[in-house]
Amino acid sequence: MSLKKVLVASSNPKKVKEIKEILTPLGIEVLIPPKKVEVEEWANTFIGNAYLKAKTYYEVFQIPTLADDSGLIVDEIYPYPGVYSSRFYQLDVFGREKPEPSEDIANIRKLLKALENKKNRSAKFVSAIVLYLDAGKIIASEGEVKGFITTTPKGDKGFGYDPIFVPEGYNKTFAEMEPNEKHKISHRGRALKNLVKLIEKLQCSS
Ligand code: ITT
C-alpha cells in the first residue's frame with residue numbers, strides 16, 4: 001500500500017491548517033474538499049464521530065479520507081464539553097451563551113463560568129483520527145494531552161479552547177505557543193504521528 005495524498009474531512013479551516021502542518025513534513029499531502037459535506041455526528045464517542053465524517057466524505061469523493069474528531073475533557077464537569085466541544089455554548093447545561101464575538105469565545109466564556117471557584121481544573125484534549133481507505137478498510141489512531149484550565153484566556157494563536165489550556169509541564173497556554181511547539185505535544189500531533197507509523201507498517205507488510 002502506498003499513500004501519498006489524503007482528503008481531509010473537515011469544515012474547520014483552523015483544524016485543517018494544523019493537520020496540514022503536521023502531515024506535510026511527514027510526506028503526506030493534504031487535499032481540501034472542493035465543497036462542504038453535511039455529516040450528522042450522532043455517535044457519543046470521538047472515534048465514532050471521526051468514522052462517520054471519514055466515511056461520509058469518502059462516499060462523496062472516493063479517495064482516501066482522513067477525519068479528526070476531537071475535544072476537551074474537563075474532569076470537574078465530565079462529560080462536558082467532551083464530544084460537544086465545538087457547540088458547548090449552545091447546550092442548555094450550564095446555561096446557553098450567544099456565539100459572540102465568535103463560537104470559540106462563547107465556548108471559553110461558558111467553560112470558565114462552569115469552573116468558577118472550582119479547585120479541580122484538570123483537563124485533557126483528545127483527538128481521534130480515522131483514515132478511510134476503502135469500503136471496510138480503515139486505520140484509526142488516538143492521541144491525548146493532559147493539562148489544566150486557566151482562570152483567564154491568554155494568547156491568540158491556535159483555535160478553540162487553546163487560550164485557556166496549559167499542557168502538563170508548561171507554564172503557557174497552547175495559544176501562546178508557536179504552531180510547531182503545540183504540534184509536538186498536542187493530541188492531534190500525537191494521533192497523526194501514530195497514524196503515519198501505522199500506515200508505514202501496512203506499507204511494509206503489503
Ligand atoms: P469538523 O467536525 O468539521 O472537523 P469541528 O470543529 O466541528 O470541525 P469537532 O466536531 O471535532 O470539529 O470539534 C472539535 C472542537 O474541539 C473544536 O471546535 C474545538 O472547540 C475543540 N478542539 C479540538 N481540538 C482543539 C485544539 O487543538 N485546540 C483547541 N480546541 C480544540
Side-chain angles (χ1 to χ4, degrees), residues 8 10 12-26 30 45-47 49-50 68-91 93-95 97-129 141-197:
V8 63
S10 173
N12 180 336
K14 292 189 175 167
K15 187 199 273 188
V16 173
K17 177 176 171 279
E18 289 203 350
I19 294 174
K20 227 177 171 167
E21 287 167 351
I22 298 164
L23 286 183
T24 308
L26 298 175
V30 172
T45 58
F46 293 113
I47 204 83
N49 285 326
D68 158 293
D69 197 70
S70 45
L72 182 64
I73 292 177
V74 177
D75 295 339
E76 181 70 28
I77 57 165
Y78 182 82
Y80 300 103
V83 291
Y84 315 102
S85 291
S86 64
R87 54 193 174 89
F88 182 51
Y89 72 90
Q90 314 180 322
L91 304 185
V93 64
F94 303 115
E97 291 284 331
K98 290 206 173 93
E100 283 160 13
S102 69
E103 292 185 340
D104 283 350
I105 292 176
N107 281 332
I108 287 177
R109 197 166 57 232
K110 176 161 169 168
L111 181 56
L112 290 181
K113 280 187 195 167
L115 289 184
E116 232 161 39
N117 304 321
K118 301 281 189 208
K119 280 210 183 82
N120 181 6
R121 305 186 74 88
S122 60
K124 65 179 177 183
F125 270 123
V126 176
S127 161
I129 304 282
S141 168
E142 275 190 312
E144 61 175 54
V145 55
K146 291 191 174 125
F148 69 90
I149 305 299
T150 58
T151 49
T152 48
K154 272 194 196 143
D156 56 6
K157 299 183 182 75
F159 71 105
Y161 299 87
D162 281 346
I164 55 167
F165 182 83
V166 173
E168 237 170 38
Y170 289 77
N171 54 14
K172 57 183 172 182
T173 68
F174 265 169
E176 294 178 290
M177 293 184 179
E178 292 305 323
N180 277 338
E181 195 179 2
K182 176 183 172 186
H183 303 336
K184 253 185 217 155
I185 55 164
S186 80
H187 48 314
R188 185 163 298 106
R190 287 176 171 158
L192 286 170
K193 274 172 230 153
N194 185 49
L195 180 91
V196 171
K197 278 193 194 144

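Only a predicted model underlies this, so the values are computations on that prediction, with no experimental measurement involved.
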Please step through side-chain contact (heavy atoms from CB on, under 4.5 Å) for the pair Leu112 and Ile149, ending with a clear verdict. CA-CA 8 Å; Leu112 290 181; Ile149 305 299; 4.1 Å; yes

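- In this structure, CZ in Phe94 is found 12.5 Å from CD in Glu116, a value given to the nearest 0.5 Å.
- Scanning both residues, Gly71 and Phe46, for their nearest heavy atoms gives N-CE2, 3.5 Å.
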Stepwise, does the salt bridge (charged side-chain N to carboxylate O under 4.0 Å, His left out) test hold for Arg87 with Glu103? CA-CA 8 Å; Arg87 54 193 174 89; Glu103 292 185 340; over 6 Å; no

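- Remark: the backbone N or O of Asp68 is paired with a side-chain donor or acceptor of Lys15 at under 3.5 angstrom.
- Taking 4.5 Å as the limit, every side-chain heavy atom of Glu144 sits out of range of all side-chain heavy atoms of Glu142.
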Evaluate the criterion salt bridge (charged side-chain N to carboxylate O under 4.0 Å, His left out) for residue pair Lys17 and Glu21; output intermediate values, then yes/no. CA-CA 6 Å; Lys17 177 176 171 279; Glu21 287 167 351; 2.8 Å; yes

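- At least one donor-acceptor pair closer than 3.5 Å links the side chain of Asp162 to the backbone N or O of Phe159.
- Checked for salt-bridge contact, Lys113 and Glu97 meet the test: a charged N lies under 4.0 Å from a carboxylate O.
- Taking both residues in full, the closest heavy atoms of Ala191 and Gly143 are given as CB-N, 3.4 Å, listed atom of the first, atom of the second, then distance.
- Looking at Asn120, its side chain never comes within 3.5 Å of a backbone N or O of Asp75 through a donor-acceptor pair.
- Counted within 6.0 Å of NZ on Lys172, heavy atoms from surrounding residues, nucleotides or ligands total more than 12; the atom is thus considered enclosed.
- In this structure, the separation between CG on Asp69 and OG1 on Thr45 is 8.0 Å, given to the nearest 0.5 Å.
- Side-chain N or O atoms of Arg121 include one that pairs as donor or acceptor with a backbone N or O of Thr150 at under 3.5 Å.
- Each of Val74, Leu111, Ile73, Leu91 was compared with Tyr80 under the side-chain contact (heavy atoms from CB on, under 4.5 Å) criterion, and only Leu91 meets it.
- Looking only at distances, no side-chain donor or acceptor of Thr173 sits under 3.5 Å from a matching main-chain atom of Val166.
- Nearest heavy-atom pair across Ala50 and Ala128 is CB-O, 3.6 Å.
- Rounded to the nearest 0.5 angstrom, Ser141 OG and Asn194 CG are separated by 4.0 Å.
- In this structure, the side chains of Ser122 and Glu76 stay at 4.5 Å or more apart for every pair of heavy atoms.
- A salt bridge links Lys182 with Glu18: the distance from a Lys NZ or Arg NE/NH1/NH2 to an Asp or Glu carboxylate oxygen falls below 4.0 Å.
- We find the CD-NZ distance between Glu176 and Lys157 to be 8.0 Å, quoted to the nearest 0.5 Å.
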His187 vs Val145, side-chain contact (heavy atoms from CB on, under 4.5 Å): CA-CA, chis, key distance, verdict: CA-CA 5 Å; His187 48 314; Val145 55; 3.9 Å; yes

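- For the residue pair Arg188/Ser70, the side-chain donor-acceptor check at 3.5 Å is satisfied.
- Minimum heavy-atom separation, Asn107 to Ser86: ND2-O, 3.3 Å.
- With rounding to the nearest 0.5 angstrom, the CG atom of Leu192 is 4.0 Å from the CD1 atom of Ile129.
- Listed for the Arg109 side chain is no donor-acceptor partner under 3.5 Å among the backbone atoms of Tyr89.
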Run the side-chain contact (heavy atoms from CB on, under 4.5 Å) check on Met177 and Tyr170 step by step: do they pass? CA-CA 10 Å; Met177 293 184 179; Tyr170 289 77; 3.5 Å; yes

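- Taken to the nearest 0.5 Å, the OH atom of Tyr161 stands 8.5 Å off from the CZ atom of Phe125.
- Listed here is the closest heavy atom pair of Gly160 and Asp104: N-OD2, 3.0 Å.
- For the pair Lys110 and Phe88, the cation sits on the ring face: its NZ or CZ lies under 6.0 Å from the ring centre, inside 45° of the axis.
- The nearest pair of heavy atoms linking Leu72 to Ala123 is CD1-CB, 4.1 Å.
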